[in-house]
Amino acid sequence: MAKGKGKVAKPPRGAQRRADKTSDTSEYDGYEPEPFLYDEEEKILASLVFLGSAALYICTMYPGLPGGDSGELMATAKDFGVSHPPGYPLFTTMAAIMIHLFPIGTCAWKLNLMSSTIAGLTNMMMFINVKRFSGSDAAGVLAAGWCGFSRVFWMWSIQGEVFSLSNLFIMVIMYAAWRFANAEGRSGKFYEAKLGALICGLSLTNQHTSVLYIAPTALWVLFTLYNYDLADTYSLFQVGLRGLAGLSPYLQLPISSIFFKARVSWGDHRLFSDFKKHLLREDFGTFRLVSSSEQSTLWDNFMVYFNDSKTELTIAVWILFVVGMLIGLTLGSKKQREVMLIYMAMFGTYHLVFDSLANIKNPSGIFHGVLERFWLQPSLALCCVAGCGVGMIFQFLKEKANCPALKYLFLSLAVIAIGYQIQHNYEDCHENDNYFFWHFSRHILDQLPKRSILLTSGDFSTNTFRYHTIGEEYRTDVMVMDMQFMQAYWFYIMLMPINFPDVSFPGLYKPGKESKYPFYNLKKFLDENFDKYPIYMCVEVPKAEDSIEGYYEAWPFGMCKVFVRVSDNRDPLEHVTSMPWINLEKYPLPDLDRYEPQTWEYTMAMSMLETYSKPATWLWNRANSMTDQALKKKYYETAMNMMVENRKHVFDMVEKGLVTKNVVYYISPLEKNLGHLSLILYSVTKREDPEMAAHWTAQCKKYWTNYVEWHRDTVITKDSMWNTLNSIIKMDDFSSLQLVA
């Protein structure tokens with residue numbers, strides 16, 4: 001203390017620092033780092049938060065393959081390959097160790113277990129952060145449980161994805177900020193700065209969005225180091241060296257390319273240009289979520305987040321966030337104010353930068369699901385600050401009442417609130433019986449003949465096949481080819497020799513009608529390989545790929561398409577009657593009463609339903625272009641019979657309880673198409689067979705009445721034809737309709 005004034009003396013400045021190059025920071029001046037957990041009570045509570053959270057996550061985690069990027073992350077980890085940009089080397093390394101050393105379970109189960117355990121640690125760190133700031137055990141428990149068991153956090157905690165590890169790092173960075181603010185003296189600040197730099201470096205090797213937490217923290221740390229005369233070259237070099245050490249997992253990218261022959265891996269990282277391109281996500285744009293030129297505004301994205309967080313965490317959390325911020329900045333101690341400012345800077349920087357760059361405009365369906373994963377990080381700060389506010393209120397009430405026992409009342413209330421949160425979200429988040437993606441990919445692979453080529457594109461189908469053929473070594477004879485990879489030069493250097501040594505690739509794939517060396521299009525690929533392998537495609541033929549017109553056609557084949565040479569003159573009717581079908585009894589669909597449109601389960605179910613009726617609509621479309629009226633009628637009737645059979649099959653599944661009881665989602669598209677096809681058959685038969693025409697009139701009214709009635713009171717948006725169909729079913733005579741068969 002300065003003599004007679006009661007003020008803290010200023011830290012030593014430049015002259016003294018230059019006089020002693022070694023400085024007392026080399027010995028930390030007897031500095032003893034703050035213990036991770038203070039006392040037995042805190043150790044018990046922290047352990048209970050971790051063990052309780054991890055146990056519930058593990059009990060509700062996916063037993064097999066989840067959707068999205070999980071399949072790719074698991075497959076790359078199996079062979080120590082490189083995942084999609086920016087590579088996630090720390091996650092890949094941890095996942096590879098888990099896959100090869102943990103003795104039981106499939107690859108998917110092991111990584112789901114790893115993510116669930118990490119999520120438990122995240123909740124424990126939330127408890128510690130709030131407890132450190134406010135001094136309240138109850139507030140720490142409440143913040144950890146309320147945030148950790150909200151729907152989005154829970155869902156992304158129980159699947160093998162990078163987000164659990166990312167969330168843990170955000171909590172550890174916030175904890176490191178608290179430690180730095182509370183470190184005493186130059187030695188303490190120097191020690192905590194180096195520790196924090198190591199943590200920040202490691203966090204950047206998992207997910208780059210953590211830089212939005214690191215950037216304001218780093219500026220604050222540098223300013224503080226300057227005030228403590230630690231901004232000299234030697235000190236900053238020491239801090240920076242720890243940061244670089246934290247980034248060392250990125251060596252996994254070149255190591256993988258040089259020493260490991262991974263069957264799925266992005267890029268050739270023996271070249272620095274490829275390494276830099278991958279690191280900075282140049283193909284997508286840094287912090288951009290999709291490779292699209294569309295752009296949404298900062299305000300639009302923030303309002304999406306605000307509305308989502310109100311739903312997931314309740315408006316009360318936002319109110320407590322404001323309360324915590326105001327109390328921390330006005331009534332807190334100097335160190336509390338300092339920490340609260342940096343927490344707010346973290347939260348504000350994330351939204352200012354990410355919301356400005358995230359390029360998903362008016363997110364809906366699965367794109368809303370893509371966006372909501374990136375709201376996890378700011379929500380951690382939101383809940384932490386709200387918890388700090390609750391904790392300071394609890395501490396104030398306990399001191400005013402002069403009743404230490406109040407802490408147990410507050411702790412009981414926190415447990416009750418968490419119990420409500422768990423009960424509220426359990427139905428949406430228990431996935432311990434979810435084998436939908438596992439069955440989806442295996443069903444498709446089982447339908448394919450040996451030594452087939454399967455062309456894919458996009459996360460939904462490609463990653464599930466990658467997982468099974470590589471992660472589980474299942475149907476390794478099927479050659480899964482990502483058409484996105486085929487457009488990259490490194491595919492032919494790194495992957496082709498390992499996976500497809502006998503397949504002909506006449507250059508570099510480029511969709512389009514014209515194809516000159518060194519590029520080839522789909523037609524050239526089929527020309528080179530059609531007679532050697534059965535070739536299938538599990539996506540739509542790219543719109544830009546019109547090279548096959550007149551030479552090849554993609555015919556429906558179960559969940560996929562098979563390429564057929566036009567000159568072979570195969571019979572479409574014979575093909576659809578002999579092709580494999582989706583077995584809904586063996587592979588039931590997800591319950592769309594439960595899964596929201598932003599989930600991969602919903603996307604998969606709608607894709608399967610669309611595919612289920614695709615052979616019939618394919619025949620229908622072929623009939624539309626025919627001139628032979630007798631053959632046209634035969635095609636229409638066959639398509640009609642197939643749709644009726646599909647409808648009956650789905651209703652049977654409903655009766656057996658294998659699909660949702662809300663049949664609107666499943667039957668509605670069929671009802672609409674059946675009514676339309678009945679109207680076409682009416683137009684074909686009205687002259688030559690009036691009795692049959694009357695039959696088709698009745699059928700049309702029946703199906704469209706069902707469609708209109710089901711849509712009238714559902715949340716499904718009425719399409720543009722709804723009013724038209726509603727008026728047609730009220731007509732007694734269809735003869736006035738202008739119909740084109």
Side-chain angles (χ1 to χ4, degrees), residues 513 522-523 526 530 535-537 539-543 545-582 609-648 669-704 707 721 724-725 728 734-741:
K513 195 155 194 170
L522 185 56
K523 177 185 178 296
L526 294 174
F530 188 83
I535 303 177
Y536 299 83
M537 177 177 273
V539 290
E540 295 294 330
V541 177
K543 291 181 180 179
E545 188 60 88
D546 54 358
S547 62
I548 65 172
E549 290 181 9
Y551 302 97
Y552 299 94
E553 291 180 342
W555 288 12
F557 185 88
M559 285 289 295
C560 299
K561 296 177 179 64
V562 60
F563 283 102
V564 175
R565 191 157 41 201
V566 172
S567 59
D568 290 345
N569 293 319
R570 291 179 57 177
D571 183 0
L573 289 176
E574 181 183 343
H575 172 75
V576 296
T577 54
S578 62
M579 61 171 276
W581 288 85
I582 302 169
L609 284 171
E610 181 184 349
T611 306
Y612 196 57
S613 59
K614 191 158 285 187
T617 56
W618 177 72
L619 282 180
W620 176 359
N621 290 331
R622 292 184 76 91
N624 289 340
S625 60
M626 290 179 175
T627 55
D628 185 329
Q629 294 301 312
L631 188 59
K632 175 184 279 196
K633 180 182 175 185
K634 185 177 181 181
Y635 270 54
Y636 283 142
E637 289 175 341
T638 304
M640 186 74 182
N641 291 336
M642 292 173 70
M643 284 191 185
V644 170
E645 190 63 28
N646 291 349
R647 182 180 186 274
K648 179 179 179 299
L670 280 174
E671 298 293 289
K672 183 178 176 181
N673 286 336
L674 282 166
H676 193 177
L677 201 48
S678 299
L679 194 59
I680 290 175
L681 284 166
Y682 159 81
S683 69
V684 170
T685 58
K686 64 181 179 180
R687 289 187 183 135
E688 60 186 49
D689 192 343
E691 186 175 337
M692 184 56 68
H695 165 76
W696 291 123
T697 300
Q699 291 295 100
C700 176
K701 287 186 175 185
K702 180 183 79 172
Y703 292 126
W704 278 354
Y707 177 82
M721 287 189 64
T724 303
L725 303 186
I728 289 175
F734 284 1
S735 59
S736 61
L737 292 174
Q738 298 294 320
L739 302 174
V740 179

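Hydrogens, waters and symmetry mates are skipped; everything else that's a heavy atom, side chains included, is used.
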Determine, stepwise, if the pair Asn624 / Tyr636 fulfils side chain to side chain donor-acceptor pair (under 3.5 Å). CA-CA 9 Å; Asn624 289 340; Tyr636 283 142; 2.5 Å; yes
Start with the C-alpha gap between Glu545 and Ser547, add the side-chain angles, then the distance that decides, and say whether side chain to side chain donor-acceptor pair (under 3.5 Å) holds. CA-CA 6 Å; Glu545 188 60 88; Ser547 62; 2.5 Å; yes
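Every residue two or more places apart in sequence or in another chain that forms a salt bridge (Lys or Arg N to Asp or Glu O under 4.0 Å) with Glu688 is listed here: Lys633. Legend: residues meeting ring pair (Phe, Tyr, Trp, His ring centres under 6.0 Å) with Tyr703, ordered by chain and number and at least two apart, are absent. For Asp568, the salt bridge (Lys or Arg N to Asp or Glu O under 4.0 Å) partners two or more places apart in sequence, or in a different chain, are Arg565. Every residue two or more places apart in sequence or in another chain was checked for a ring pair (Phe, Tyr, Trp, His ring centres under 6.0 Å) with Phe563, and none qualifies.
Counting only residues at least two apart or in different chains, salt bridge (charged side-chain N to carboxylate O under 4.0 Å, His left out) contacts with residues 550-563 comprise Glu540-Lys561, Glu553-Arg622.
For Phe530, the CZ atom is densely surrounded, since the number of other residues' heavy atoms within 6.0 Å is greater than 12. Atom NZ of Lys634 has 12 or fewer neighbouring heavy atoms from other residues, nucleotides or ligands inside a 6.0 Å radius.
Side chains of Asn673 and Trp620 form a contact here, defined as non-hydrogen atoms less than 4.5 Å apart. Inter-residue side-chain proximity for Trp696 and Thr685 is flagged as met; some heavy-atom pair is nearer than 4.5 Å. Side-chain contact between Val566 and Tyr551 is absent, with no heavy atoms from C-beta onward closer than 4.5 Å. Within the 4.5 Å cutoff, the side chain of Glu671 has heavy atoms near those of the Arg647 side chain. Side chains of Pro615 and Met642 form a contact here, defined as non-hydrogen atoms less than 4.5 Å apart. Side chains of Glu645 and Asn641 form no contact here, defined as non-hydrogen atoms less than 4.5 Å apart.
Here the NZ-CG distance, from Lys648 to Leu670, works out to 14.0 Å after rounding to the nearest 0.5 Å. To the nearest 0.5 Å, atoms CD (Gln699) and CG (Leu674) are separated by 8.5 Å.
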Indicate every side-chain donor-acceptor pair of residues 569-577 with a distance under 3.5 Å to a residue at least two apart or in another chain.
unit_1	atom_1	unit_2	atom_2	d
Asp571	OD1	Leu573	N	3.1
His575	NE2	Pro556	O	2.6
Thr577	OG1	Leu573	O	3.0
Thr577	OG1	Glu574	O	2.9

